Number of protein chains: 2
Amino acid sequence: MTSTKAERVRRAVLADIVSGALAPGTPLDEVTLAAQHEVSRTPVREALRRLQSDGLLEVGPRRRLLVVDVSPEHRRELTTLRVALEGAAAAAGCERRDEDDLDGLELLLIKQERAAQAGDAEIFLRLDEEFHLTLAGAARMPTLSRMLGQLGAFVRIGRLGEETSAAHMKALVSEHTELVELLRARRASRLRAALATHIERTAPRG
Amino acid sequence: MTSTKAERVRRAVLADIVSGALAPGTPLDEVTLAAQHEVSRTPVREALRRLQSDGLLEVGPRRRLLVVDVSPEHRRELTTLRVALEGAAAAAGCERRDEDDLDGLELLLIKQERAAQAGDAEIFLRLDEEFHLTLAGAARMPTLSRMLGQLGAFVRIGRLGEETSAAHMKALVSEHTELVELLRARRASRLRAALATHIERTAPRG
DNA sequence: CTCTCGCCACATGTATACATTTCAGTGACT
DNA sequence: AGTCACTGAAATGTATACATGTGGCGAGAG
């Protein structure tokens, strides 16, 4: 087995949550999930426990686990957190980045360009998240990266009904390009400021 | 039952980890833990899964779960993260704090004063953590508070062999007092700067 | 003596059966 | 009519038995 059943169930449920197939507030029933994924309740429970620890599920009445909701205030909080964490990572990354970091980011820029051209918002959003995680990864701060990964799930829930035009996507790629150049030039303050502006513009809904 | 067995086991294991009774690198054996806590393996496994999601356990050889180690670099990372997160919280807290926040913080100051006077480092460290969480709580940012809670466990692991003199404790209380005054006066920039200095002084080892 | 192969023990992964909790609905009593 | 206690169903919590797979360790060949 390439991985455990619990882990596969966890990924599947996570995917259903961030894709909106499981709407916020939905109660997760262990036996139903077990049947859907053709496993016993045991791995399902372990998957749910981990999602609960990640903050994606909350306990409701009857000890049931519900998919968390992302309120407008919560979205604003997420933006603040991203600015703080990605900003710190970007500053540290200016000192520690190497050529591989830049190469990886440039590759992502090309892919984003293609997705923007094709108008494929779904792929673009995934690439956008990967870009930000990669940028933060240059800081070599694993705990910070873990936290951003957790935030990513919330961000995706919050973005659910969001529609992204091709023009908007191209503008974002252009901003990403500038971020990479600032990282290359190791201009920490400028990068931090540009990143903050970029993040706040990406999530303007309040 | 006031809570579930899994939750009690989780708290007990967490306490053993942050107290150093379970040293970093120690493999956690499910049947041993089950015997120690007089429960079956099932609740033990759920407890371990949650601790794993919180980053306190990592998978080792034979899929065993090991207590994570906190390296000097990791400690530096924790300091950077605390500055970023608590700083953001402090700035937001200057706008949202109410009288209850200040009352709670002042009560903690009094308790810390007593612990410093008595030279009780263990109680003092617990109060110190509670103080920082309460200060951050004024920001009304639940996700940020959750993240700081997770960081707290790492911080406590990193501080394990640390000895704290009565004089040092008194100095910290004095700094805490100033932080509260800055929060009361809603001086966000000054508070952020003072907090950063304070956090960096608290964890100078590296 | 060393290196490889295969066997086996042990810890974890999974399934299933049983216990317990929780809350909603019902009925009697005030 | 309102309220309280009780009951019962449905979900989660727990225990146990069985499956799996990994890595150590010894036997045998080179």
Side-chain angles (χ1 to χ4, degrees), chain A residues 1-17 21-69 146 153 157, chain B residues 1-17 20-69 146 149 153 157:
Chain A
M1 233 179 268
T2 46
S3 89
T4 91
K5 296 186 179 182
E7 180 59 18
R8 272 180 292 171
V9 171
R10 184 186 142 272
R11 274 206 284 267
V13 174
L14 174 60
D16 282 349
I17 290 176
L22 290 170
T26 305
L28 296 184
D29 184 273
E30 293 177 2
V31 316
T32 303
L33 287 172
Q36 281 174 1
H37 296 283
E38 296 182 304
V39 296
S40 78
R41 272 179 61 212
T42 310
V44 171
R45 285 176 64 76
E46 305 215 340
L48 297 183
R49 285 290 173 268
R50 299 212 37 186
L51 293 170
Q52 182 185 357
S53 256
D54 287 344
L56 279 104
L57 305 176
E58 60 190 357
V59 292
R62 269 182 121 90
R63 288 192 181 181
R64 247 184 279 206
L65 292 176
L66 314 177
V67 177
V68 297
D69 192 16
R146 262 183 16 105
I157 295 176
Chain B
M1 233 177 268
T2 45
S3 88
T4 98
K5 295 187 180 182
E7 179 58 19
R8 272 180 292 171
V9 172
R10 185 185 142 273
R11 275 205 284 265
V13 174
L14 173 60
D16 283 348
I17 290 175
L22 290 171
T26 305
L28 296 184
D29 184 274
E30 293 178 3
V31 316
T32 303
L33 286 172
Q36 281 173 0
H37 296 282
E38 296 182 304
V39 296
S40 78
R41 272 179 60 211
T42 311
V44 171
R45 284 176 65 77
E46 305 214 341
L48 296 183
R49 284 293 173 268
R50 298 211 38 188
L51 292 170
Q52 182 185 358
S53 256
D54 287 345
L56 280 112
L57 304 177
E58 59 189 358
V59 292
R62 262 184 125 87
R63 290 191 179 181
R64 247 185 277 207
L65 292 175
L66 312 177
V67 178
V68 296
D69 192 17
R146 260 182 19 103
I157 295 176

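Chain letters run A, B, ... following the sequence lines, proteins first and then strands; every chain starts at 1. What you are looking at is a predicted structure, and each value in this text was computed from that prediction instead of being measured.
- Going from atom CD of A:Glu7 over to atom P of C:dG13 covers 11 Å, rounded to whole Å.
- With contacts defined as side-chain heavy-atom distances shorter than 4.5 Å, the pair B:Arg11/B:Ser3 qualifies.
- One finds a side-chain N or O of B:Ser40 lying less than 4.0 angstrom from the OP1 or OP2 phosphate oxygen of D:dA15.
- Whole-Å rounding puts the A:Glu46 CD to D:dT12 P distance at 15 Å.
- When rounded to the nearest whole Å, the span between CZ of A:Arg63 and P of C:dT20 equals 13 Å.
- Atom-to-atom, CZ of B:Arg41 to P of C:dA11 comes out at 10 Å; the value is rounded to the nearest Å.
- For B:Asp29, counting side-chain heavy atoms from C-beta on, the closest listed nucleotide (C:dA11, C:dT14, C:dC23) is C:dA11.
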(request) Take A:Arg49 and A:Glu46 through the test salt bridge (charged side-chain N to carboxylate O under 4.0 Å, His left out) and record every step on the way to the result. (result) CA-CA 5 Å; A:Arg49 285 290 173 268; A:Glu46 305 215 340; over 6 Å; no
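- At a cut-off of 3.5 angstrom, counting only N and O atoms as typed in the model, there is a donor on one side and an acceptor on the other between the side-chain of A:Arg62 and the base of C:dT22.
- A close approach under 4.0 Å does occur between a side-chain nitrogen or oxygen of A:Arg49 and OP1 or OP2 of D:dG13.
- Each of C:dT16, D:dT14, C:dG13 was ranked by its minimum atom distance to the side chain of A:Thr4; first place goes to C:dG13.
- A 4.5 Å side-chain heavy-atom check between A:Pro27 and A:Arg62 finds every atom pair outside the cut-off.
- For the pair A:Arg64 CZ and C:dA24 P, the computed distance is 10 Å after rounding to whole Å.
- Distance CG (A:Leu66) to P (D:dT12): 11 Å, rounded to an integer number of Å.
- As rounded to whole Å, 15 Å separates atom P of D:dT14 from atom CD of B:Glu38.
- No side-chain heavy atom of B:Asp54 sits under 4.5 Å from any side-chain heavy atom of B:Leu14.
- For B:Arg45, whose side chain is taken as the heavy atoms from C-beta onward, the closest listed nucleotide among D:dG13, D:dT16, C:dT14 is C:dT14.
- Comparing A:Thr42 and A:Gly60, the nucleotide of DNA chain C nearest to each residue sits closer to the 5' end for A:Thr42.
- Among the atoms of the strands shown, only primed sugar atoms or phosphate atoms (P, OP1, OP2) are found under 4.0 Å from some heavy atom of B:Leu28.
- Put simply, the side chain of A:Arg64 does not reach to within 4.5 Å of the side chain of A:Leu28, judged on heavy atoms.
- Applying the 4.0 Å criterion to OP1 and OP2 of D:dA15, one finds that B:Lys5 has a side-chain N or O inside that range.
- The separation between B:Arg10 atom CZ and D:dT14 atom P is 14 Å, rounded to whole Å.
- In the set C:dA15, C:dT14, D:dT12, D:dT12 carries the atom at the smallest distance from any side-chain atom of A:Glu30.
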